[in-house]
Each structure stands twice: as C-alpha cells, then as structure tokens.
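So the structure is just underneath, and the comments pick up after that.
In what follows, every chain begins at residue 1, and chains take the letters A, B, ... in the order their sequences are listed.
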Amino acid sequence: MPSSARTHTRSGICSPLTNEASMRLSRYFLPTLRETPSEAEIASHRLMLRAGMIRQSSAGIYSWLPLGYKVLRKIEQIVREEQNAIGCQEILMPTIQPADLWKEGTGSGRYDDYGPEMLRIKDRHDRDMLYGPTNEEQITEIFAASARSYRDVPKLMYHIQWKFRDEVRPRFGIMRGREFLMKDAYSFDLNATAGRISYNKMFVSYLRTYERMGLTAIPMAADTGPIGGDMSHEFLILADTGESEIACHKDFVDRKLADKDIDFDGDLQPIVDSYTSQYAATDEKRDLDAEKALGDDLVTARGIEVGHIFYFGTKYSKPLGAVVTDSDGKEITVEMGSYGIGVSRLVGAIIEASHDDDGIIWPDAVAPFKAGIINLKAGDDACTQACDDAYNNLLSKGVDVLYDDRNTRAGAKFADMDLIGVPWQLIIGPRGLKSRTVELKHRSSGEREEISLESAQTQLLV
RNA sequence: CGGGACGUGGCGCAGUCUGGUAGCGCACCUCGUUCGGGACGAGGGGGUCGGUGGUUCGAAUCCACUCGUCCCGACCA
C-alpha cells in the first residue's frame, strides 16, 4: 500500500494495523445526551446512553453506535487474541439452530427443560428452530461428525457470536440484555485428566484476558452441577454497583499474574492452585467458618460476573455421539468443557468499575480512542492550524485520536470529552499558544500539564 | 412469573385529581453579541398527549381493553 494512502487529509484515516478510524468529531455520529433518559438506573446504562454508545431497540436489545461498537470490538479482539494464544481455534456457528439438536432422542434432550428463556421459532416449513442461547449441542455435533480417533483430541474451539436468552426481566442496559455477545469455547478431550489440562489453560487464559483490559477478575468456585468436583469457576470483577455480594481474601483485590510469559503447554496446575487455594466465594457459596479464620484478611465487596468456565464430562458428547477410538481400539466418549466470556456485558462491567461523576474512564486497552484533541476556539486560524497539525501528526504516527473540531463552546467540548472517557485530552487554545503551550489532561488521574505542543504529542506516542 | 410505577416535541418534566382541542427547561434553526469548564438577547420550527374502543356538546384529563418501558423480588453471561 502506498504511504499516501495512510497519511491523508481531513476525513480521518484507517490505520493499517488496527483498522480503527480516527475521526473529526464534526463528522462523527456521537449523539451525546446532557440529561439521563429516565429508563436508565445504573451508571453503565446511564453513561452508555449519554455517551452515545448504544440505543435501545426493545427491552434488552440494543443497537451499538460507532463509539460503543468500537469499544465492543476492542474487547472482542483482546478475547480473541488470548483464546488464540492457548491454541483455541476460532470458528463461527449460526445464531439459529434446528430444535432437533436439543430434543430428546435426536439431540441433547434439554429442549423441554430450557423453558421459555429459549426463543423458539418456526420456519416456513413449520420446522422447529431456535435462536441459540448457547452452542454446546451445535459444536458437539460438528465435532462428533468428524472426529474418529484419539488423535483428533485434544481440541479447543471458540466462537464469538450473538446469543439470545429471553430473560423474564431484562435490565441494567447491556449488562443484562436478552441479546448479548458472548465468547463461548468448548474443549474435547480423551479423559478427565486431559480435560483438566484444557480447563487449566482456559482458567489462566481468562486471568490474562481480564488483566489486559485493566480489570482484576477473581475466580470463584461455582456450582458444578451433576458432575461435581472442583471444575467450575465464575470470574467476577469488583464494582460497587455489582449485582452480587462476594467475599474473598484481600490478596485478590489487586492481584496480578506473577508470570507474564506463561508457557501454556507447560504445567499450569501450580498457577491454578495458587488462585483456588485462597478463599473467594459468591454469595451462595460463602463459608462463614473459613471467613472467620481469615480475620482481617477478609474482604467483602460486590462483584459482576464476566466469565464462567465449567467442565461437564460427557453430558453432551454422550447423547450426541461424540466418540473417538482410543489406542486400544476401544470407543471412548469424549470429555467436554465449556468456557464463556460475556463480551457485551464486559462493556458495561468495565464502566461500572471505572467511572466518575463526569463520565466514563476507559482503561487504555479498551478505550475507543487513545486521545481527544479539543480545539478551544474553532474560529481562530492559528489555533485551528495547531489542532489540525497535531491531529494529522498523531494520525500519521498511528495514534487513534478523536478531534473535536466542532464550532461549539469550550465547556461543551470538555464535558463531552470527559463523558466519553478517552484517556488523554490534548487541549489547545489561543491563550496557551501565545506562550507556545497546550494542556495535556489525563482523564483517570485528572492531572493536567501545561507543556509545549511538541512534547505533548511525544507523550501521546508512548 | 409475583409486586410497583410510568408512557405528553430529540432529552428531562408540568398539565390528569376539579374535561373546555397543549406548556416549561435543555436541544434544534436564523441573526447579533460572545467564546479556556455545557453563554446572552431577539426571532423561529417541531407534539394533538402509546394504541383502540367507550362516556360526553367537548377527552392528554373520566371508563374499559390493549401495547410498550422501567423499578423491587425470584432467575441468569
């Protein structure tokens, strides 16, 4: 690609690396709201509406506007990269599934159990279909149809797809929608020992995934259902407005993975053990004796579930006939696990964990733009020239930047930029330019520096 | 699914009790003065009150039904 295609003029640019468009705000569809729509109660819902990220279509179903969709894709991409990093392979399964996959006799047998939460549809031939609330049946059928030998396992596959659960009571905006974007992964192994290896990969991968988003997620033992054992964990992040009460050892609160460079083919059990050996429990799993023993090390807080992994053995492989032949020529029903991350929910969860009275405070990794340029006086030639130059320069260096070039008052620009929560604000006005300075404001700390335009731009390149 | 609310220009609300064909703030458009944390003045556009059916001379207001949305609870990524 010729370089001229990358460094162009006034209409924003696509970085060849990220394919994320920087933007002049005068051309961007960013319908911010000064007042909160009355239906929004919690912070993330309020702020997502006010920041022009989403609009509601019907109860629990939302459209994603440019700003919101950009964040959603950033989160999705982090999830994708971390799944790929453990050898989990991306596929894409349909949203609409044939009911036979779920019915007794022809499928898993949970068609009747699932209840009205599953959206059932008939096609024109009067065949029963459904909008998938999850994909265990589908992936198992795919695997079963082609896997023959023990050499075909282990396998890890995932997809990132919209799901639908017809919640009785959708609420909290995107956090508890009926339609939601979810990463769900599935593991296929020859036996439980191998299954644990797959489970551990996911466990550690999840810790890394959330950490990359600027979150501390705490794994907590969850109900294992009919299988039993210790192979089901929910991952929760702490937020004052969280949906459930949790209790854990205080070491979890800011815990980071000690080893950044993990060998996923090595033994992950010690890492998993280092997490699971410490106390952490959701409301229904709390153990008061254990908590008493912790004394001052106990922390109680509120949490939001952002992931759930579990191992379910042959629950689906058996009815759907996912069988391979082992080295002795014996038929083995494969052992499976499934591993979910609520991608769209994470957008709301991150906001719950990171906002203030003025708006959202995006962690760097998921911020829709790295920086915003505020032109304090759009009518001033010198000021506009300085802003244009800074914008074009940052673009050419690959910095994703939102340039507020609108001809509105400064106050409105400050308010909008704080609301949408980009990490850095480059504030340029005629007054500062007289002494060749601009203001660089850091959204999360609130710190402002009066520095030269050049050094401000240099800082944004880091 | 139980309990509770609400539905009036894009957003936030008043008007409903005590029927007389719609109002305020913000936003929007024009002009002028402004312009470093959501300006000021003047002028202007936009709604027939979620829908349907009743009562009435007359309904945003009363009655019935219906649709939608939100909140609490049970349930869940």
Side-chain angles (χ1 to χ4, degrees), chain A residues 31-42 45-46 49-50 52 55-62 75 79 114-118 132-135 160-185 206 217 222-223 232-237 243-244 282-284 303-310 338-349 357-359 374-380 383 404 406-419 425 427-435 437-439 441 446 448 450:
Chain A
T32 56
L33 303 173
R34 197 165 170 177
E35 288 177 280
T36 303
S38 57
E39 75 263 17
E41 200 72 12
I42 64 163
H45 191 195
R46 274 199 320 261
L49 289 169
R50 286 194 53 212
R55 285 296 182 264
Q56 184 174 83
S57 171
S58 60
I61 303 178
Y62 292 83
I75 292 170
V79 171
Y114 216 94
E117 203 175 78
M118 185 157 72
T134 179
N135 289 73
I160 299 173
Q161 177 64 291
W162 292 93
K163 307 279 190 293
F164 195 92
R165 292 182 192 168
D166 200 357
E167 296 281 344
V168 197
R169 189 183 159 213
R171 63 185 123 167
F172 305 148
I174 224 65
M175 295 265 289
R176 180 78 185 280
R178 293 193 291 172
E179 188 180 57
F180 56 98
L181 187 62
M182 180 176 173
K183 184 282 301 182
D184 43 322
Y206 273 36
D223 274 329
S232 178
H233 288 87
E234 294 177 2
F235 289 76
L236 287 96
I237 64 168
E243 61 204 334
S244 54
T282 55
D283 212 9
E284 58 275 17
I304 301 170
E305 186 182 348
V306 290
H308 196 166
I309 61 178
F310 47 95
S338 80
Y339 314 88
I341 290 182
V343 176
S344 50
R345 162 174 266 219
L346 267 167
V347 181
D357 289 345
D358 294 324
I374 294 180
N375 182 347
L376 285 176
K377 194 158 186 179
D380 183 289
C383 184
D404 192 345
R406 295 173 302 175
N407 186 19
T408 55
R409 303 179 67 80
K413 297 187 180 187
F414 288 128
D416 273 344
M417 207 57 91
D418 283 346
L419 175 62
Q425 297 174 15
I427 301 163
I428 303 176
R431 204 164 74 197
L433 285 176
K434 284 197 184 109
S435 53
T437 61
V438 297
E439 188 176 313
K441 176 181 162 185
R448 306 147 178 273
E450 296 251 345

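If you take atom C1' in B/G43 and the same atom in B/G38, they sit 23 Å apart, rounded to whole Å. B/C11 sits 33 Å from B/G58 when the C1' atoms are compared, rounded to a whole Å.
Of the candidates A/Lys163, A/Gln161, A/His308, A/Lys163 is the only one forming a side chain to side chain donor-acceptor pair (under 3.5 Å) with A/Asp184.
Backbone-only engagement by A/Ala410 is indicated by non-hydrogen atom pairs under 4.0 Å involving sugar-phosphate atoms exclusively. Across all strands, A/Gly340 comes closer than 4.0 Å to no nucleic acid atom at all (heavy-atom distances). Residue contacts for A/Lys441: at a heavy-atom cut-off of 4.0 Å it reaches a base atom on one of the strands shown. Note on A/Glu305: only backbone sugar-phosphate atoms sit closer than 4.0 angstrom, heavy atoms only; bases stay farther off. A/Gly432 comes within contact range of at least one nucleobase, with a heavy-atom separation under 4.0 Å. Residue A/Asp184 is out of contact with every strand shown, counting any heavy-atom pair closer than 4.0 Å. Here A/Arg55 lies out of heavy-atom contact (under 4.0 Å) with every strand.
Between A/Gln56 and B/C70, a side-chain N or O to OP1/OP2 separation shorter than 4.0 Å is present. Dashed line: the shortest gap from a side-chain N or O of A/Arg169 to OP1 or OP2 of B/C72 is under 4.0 Å.
In this structure, the CG atom of A/Asp404 is 13 Å from the C1' atom of B/G37, given to the nearest Å. Rounded to an integer number of Å, the gap from CZ of A/Phe172 to C1' of B/U69 is 15 Å. What separates CG of A/Asn407 from P of B/C31 is a distance of 12 Å, to the nearest Å. Regarding A/Phe310, its CZ atom lies at a distance of 12 Å from the P atom of B/C76, rounded to whole Å. Atom CG of A/Asp223 is separated from atom C1' of B/C76 by 13 Å (rounded to the nearest Å).
With a cut-off of 3.5 Å on both pairing distances, the Watson-Crick or G-U wobble partner of B/U33 is B/A39. Of the nucleotides present, B/C67 is the one that pairs with B/G7 by Watson-Crick or G-U wobble criteria, both distances under 3.5 Å. Pair assignment for B/G20 gives B/C57, based on Watson-Crick or G-U wobble hydrogen-bonding distances that are each under 3.5 Å. A 3.5 Å limit on both hydrogen-bonding distances identifies no Watson-Crick or G-U partner for B/A14.
Of the two residues near RNA chain B, A/Thr437 and A/Gly177, the one whose nearest nucleotide lies more 5' is A/Thr437. Nearest-nucleotide assignment on RNA chain B puts the 5′-proximal partner with A/Phe414, out of A/Phe414 and A/Glu117.
Here B/C76 is the nucleotide among B/C76, B/G36, B/C1 with the atom lying nearest to any side-chain atom of A/Arg176. Here the nucleotide nearest the side chain of A/Pro430, chosen from B/G36, B/A77, B/C70, is B/G36.
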Protein N or O to nucleotides 4-12 of chain B N or O, pairs below 3.5 Å:
residue : atom : partner : partner atom : Å
B/C11   : O2   : A/Glu35 : OE1          : 3.3
B/G12   : OP1  : A/Ser38 : N            : 2.6
B/G12   : OP1  : A/Ser38 : OG           : 3.3

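Ion pair A/Asp418/A/Lys441 flagged as a salt bridge, since at least one NZ, NE, NH1 or NH2 atom sits closer than 4.0 Å to an Asp/Glu carboxylate oxygen.
Between A/Cys383 and A/Leu376 the shortest heavy-atom distance is SG-N, 4.4 Å.
In terms of polar N and O atoms assigned as donor or acceptor, the side chain of A/Arg171 never comes within less than 3.5 Å of the base of B/C71 in a complementary pairing.
Proximity of A/Ser244 to A/Glu284: side-chain heavy atoms (C-beta onward) are nowhere separated by under 4.5 Å.
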